[in-house]
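The structure appears below as structure tokens.
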Amino acid sequence: MGEYLDIPDIRGEPMTKSCRGQSAIATIFPYTISALAMANPALAHVDEGRAGWLHPLSGMDHMVAMIAVGAWSAQLGGRAVWLIPTVFVAFMAVGGVIGYELIDLPYTETGVALSVLLLGLAIALNQKMPAPFAAPAIAIFGISHGYLHGYEMPVESNKALYTAGFLSTTAALHILGLITVHFAIKSQPGKRAVRIAGMSAALFGIWLLI
């Protein structure tokens with residue numbers, strides 16, 4: 001049981017510290033995702049001289065999708081908590097290698113946009129799916145994102161360091177989404193906030209596809 005504070009909730013009752021933290025997460029999370037989703041995707045992939053670890057942060061499409069991967073895995077629970085993010089990162093590395101070789105891989109931009117749309121919908125609808133069935137779709141999304149990172153690598157960059165960089169940032173964004181949603185869904189306001197954030201991501205995905 002949390003220690004009671006002299007802060008009333010909307011019903012006029014005292015809130016515990018744990019409830020207060022969940023309410024804060026519930027308030028902040030949808031605004032964070034909405035802000036990312038409403039940012040101009042034209043800002044993506046600018047300044048290709050940046051280090052690999054920074055590159056995923058230069059595109060709002062990537063950021064929203066990677067946070068959504070962690071968020072959805074938290075909703076799914078069980079093995080999905082580690083399997084879904086791991087599959088994404090592993091196949092992102094595969095996509096990066098394909099991109100380094102400048103092999104033509106069609107529809108990768110569409111794949112990125114679809115990842116934002118479908119992950120957003122899955123979160124908004126609280127769509128449950130066994131991890132083994134979710135993994136193939138996540139793998140395709142990972143390849144699409146990784147390909148663009150690899151294809152856009154600055155010529156002078158070290159491939160190994162660049163790859164380690166963007167994979168590390170990707171994993172960090174997964175963890176951010178996972179931890180945030182893990183705590184948010186412990187309360188009803190938090191669950192609603194997560195679903196609102198998912199819908200914001202889905203709308204952003206539709207915008208990317210238009």
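Count residues from 1 along the sequence.
- Shortest non-hydrogen contact noted between His62 and Val112 is CE1-CG2, 4.3 Å.
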Can you give each donor-acceptor pair under 3.5 Å made by side-chain atoms of residues 163-175, sequence neighbours left out, with the distance rounded to 0.1 Å?
from	atom 1	to	atom 2	distance (Å)
Thr163	OG1	Tyr100	OH	2.3
Thr163	OG1	Lys159	O	2.7
Ser168	OG	Ala164	O	2.7
Thr169	OG1	Trp53	O	2.3
Thr169	OG1	Gly165	O	3.3
Thr170	OG1	Phe166	O	2.7
His174	ND1	Met66	O	2.8

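- Using cut-offs of 30° and 60° on the angle between ring planes, the pair His149 and His55 is perpendicular.
- For the pair Tyr147 (side chain) and Ile103 (backbone), a donor-acceptor distance under 3.5 Å is present.
- Taking each heavy atom of Ser73 and Gly70 in turn, the nearest pair found is OG-O, 2.7 Å.
- When all heavy atoms of Pro56 and Met63 are compared, the pair lying nearest together is O-CG, 3.4 Å.
- Contact record, Ala74 with His182: CB-N, 3.9 Å, taken as the closest heavy-atom pair.
- For residues 89-99, no residue pair satisfies the side chain to side chain donor-acceptor pair (under 3.5 Å) rule, not counting sequence neighbours.
- Ile196 contributes atom CD1, which lies 14.5 Å from atom NZ of Lys191 (distance to the nearest 0.5 angstrom).
- Every residue was checked against the side chain to side chain donor-acceptor pair (under 3.5 Å) condition with Ser144, not counting sequence neighbours, and none meets it.
- Atom OH of residue Tyr162 and atom CG of residue Leu54 lie 9.5 Å apart, to the nearest 0.5 angstrom.
- Tracing side-chain contacts under 4.5 Å through hydrophobic residues (I, L, V, M, F, W, Y), one reaches Leu148 starting from Ile98; they form part of the same cluster.
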Side chain to side chain contact (heavy atoms under 4.5 Å, CB included) between Trp207 and Leu203: does it pass, once the steps are laid out?
CA-CA 6 Å; Trp207 189 48; Leu203 291 174; over 6 Å; no
Less than 3.5 Å apart, which donor and acceptor atoms pair up between the side chains of residues 81-92 and the rest of the protein, not counting sequence neighbours?
from	atom 1	to	atom 2	distance (Å)
Trp82	NE1	Arg79	O	3.4
Thr86	OG1	Trp82	O	2.6

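- Note: Leu102 CG to Met153 CE = 8.5 Å, rounded to the nearest 0.5 Å.
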Output a table of donor-acceptor pairs, distance under 3.5 Å, between side-chain atoms of residues 116-138 and any protein atom two or more places apart or on a different chain; print 'none' if there are none.
from	atom 1	to	atom 2	distance (Å)
Asn126	OD1	Gln75	NE2	3.4
Lys128	NZ	Gln75	O	2.2

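- For the pair Leu114 and Ile140, the minimum side-chain heavy-atom distance is 4.5 Å or more.
- Alongside Leu161, the hydrophobic cluster contains no other residue (criterion: ILVMFWY side chains under 4.5 Å).
- Hydrophobic clustering (side-chain heavy atoms under 4.5 Å, transitive across Ile, Leu, Val, Met, Phe, Trp, Tyr) keeps Val97 apart from Tyr151.
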